[in-house]
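To start, the structure itself, in structure tokens.
No hydrogens, no waters, no symmetry mates; every other heavy atom, side chains included, goes into these values. First the proteins, then the strands, lettered A, B, ... as listed; each starts at 1. This one's a predicted model, so the numbers in the text were calculated from it and none came from an experiment.
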Number of protein chains: 2
Amino acid sequence: MIDYFYEVNMKIAEVSERYGLSSDTLRYYERIGLIPRVQRSDSGIRDYSELDIRRVEFVKCLRSAGLPLEVLVEYMDLVQQGDATIEARKDILREQRDLLTARILAMQKTLEVLHRKVQVYETAILAKEKQIVQTEK
Amino acid sequence: MIDYFYEVNMKIAEVSERYGLSSDTLRYYERIGLIPRVQRSDSGIRDYSELDIRRVEFVKCLRSAGLPLEVLVEYMDLVQQGDATIEARKDILREQRDLLTARILAMQKTLEVLHRKVQVYETAILAKEKQIVQTEK
DNA sequence: CCTTGACTTGGAGTTACCTCCAGGTGATAG
DNA sequence: CTATCACCTGGAGGTAACTCCAAGTCAAGG
């Protein structure tokens, strides 16, 4: 029988595939309360709703920038608590945004250092090659 | 008696202070071969030379951008081995530079997401305040 | 009916990177 | 002379974030 309802939901393997997080990690995130409990099918299998998937995406995004799980858990907890926590949530995100800005700045400085150092090596290698050519003459 | 030789060297506490790495961390870095063995005074106390200090600074810089210890140990090892390893060292730094570039890019995207989200919260809070004012009338 | 394979759970194990500790030494201040 | 203090060593402990495992369930295919 054809299912007339459009089925958006996904099993854990699909979510894992799509967001590059292992199934174990997804289950782990749920365990620690980072993602609220996902609905299970009759046979107990996770059935990620669109909302769940958006949460995974959000978490994946912030985690990949290095925000600590602890902070994200706290934030997601506040989200669950509803409108009264908007102020607190904003404060968390603002703080993390500022920290991230600082981290990016530091990394850019380091990148510069690395970049110059690579260039120094490249010219050193060129000089060495030239020396070899002269020796061969 | 006055010491006529200019004394640049530092004890571990001073290096720790100056670079924001704990003494334990400095000793740890030496243990794992990230910093070659630092000279000891007669009574066995570390006496960081200018070169040692430059190494600490370099490591601190790269670590703060998230380069893994393993890679840095490998690199410092090659440095110890002398000129023959210049090519290999360049390759390591180039790879790490490229990885870092990618990480910074990803973080900038996340920063944008965070930034927008903070703004959404800020306007939401403003709207809420306005509502309260109206209710009070 | 039986096997296969993707899923479930609770709990244990792993990795990277420190951080702490116990027990000991040597220089300096009271 | 003794107490304090910064340092030493080797080794154990801690934390964050996964990652793996054993034992079990269920649906689908042969």
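Counting any heavy atom pair closer than 4.0 Å across all strands shown, A:R31 reaches a base atom.
As a whole-Å value, the separation of B:K60 NZ from C:dC18 C1' is 14 Å. Atoms OH (A:Y48) and C1' (C:dT8) sit 12 Å apart, rounded to a whole Å. In this entry the distance linking CD of B:E70 with C1' of C:dT14 reads 14 Å, nearest Å. Distance, A:I45 CD1 to D:dA28 C1': 12 Å, rounded to whole Å. A straight line from CD1 of B:I32 to P of C:dT15 spans 16 Å, rounded to a whole angstrom. Put simply, CG on B:L67 is 15 Å from P on C:dA16, counting in whole angstrom units. Rounding to whole angstrom units, NZ of residue A:K11 and P of D:dT25 are separated by 18 Å. Atom P of nucleotide C:dC7 and atom CG of A:D42 are separated by 17 Å, given to the nearest angstrom.
Among residues at least two apart or in separate chains, salt bridge (Lys or Arg N to Asp or Glu O under 4.0 Å) pairs with a member in residues 12-24 of chain B are B:D24-B:R27. Pairs passing the salt bridge (Lys or Arg N to Asp or Glu O under 4.0 Å) check and including a residue from residues 72-84 of chain A, sequence neighbours excluded, do not occur.
Mapping A:L69 and A:G44 onto DNA chain D via the closest heavy atom, the residue that lands nearer the 5' end is A:L69. In terms of position along DNA chain D, the nucleotide closest to B:R40 lies nearer the 5' end than the nucleotide closest to the other residue of the pair A:R63 and B:R40.
We find that B:D52 and B:R55 are joined by a salt bridge, their nearest charged nitrogen and carboxylate oxygen being less than 4.0 Å apart.
Contacts of residues 12-30 of chain A with DNA chain C (heavy atom under 4.0 Å): A:I12, A:A13, A:R27.
Checking A:R89 against B:Y121 by side-chain atom types alone, a donor-acceptor pair falls below 3.5 Å.
The number of heavy atoms from other shown groups lying within 6.0 Å of CD (B:Q39) does not exceed 12.
Looking only at side-chain heavy atoms (C-beta outward), B:L69 and B:L34 come within less than 4.5 Å of each other.
Neither B:V113 nor A:V71 shares a network with the other; the hydrophobic side chains, linked directly or stepwise wherever heavy atoms of I, L, V, M, F, W or Y lie under 4.5 Å apart, form separate groups for each.
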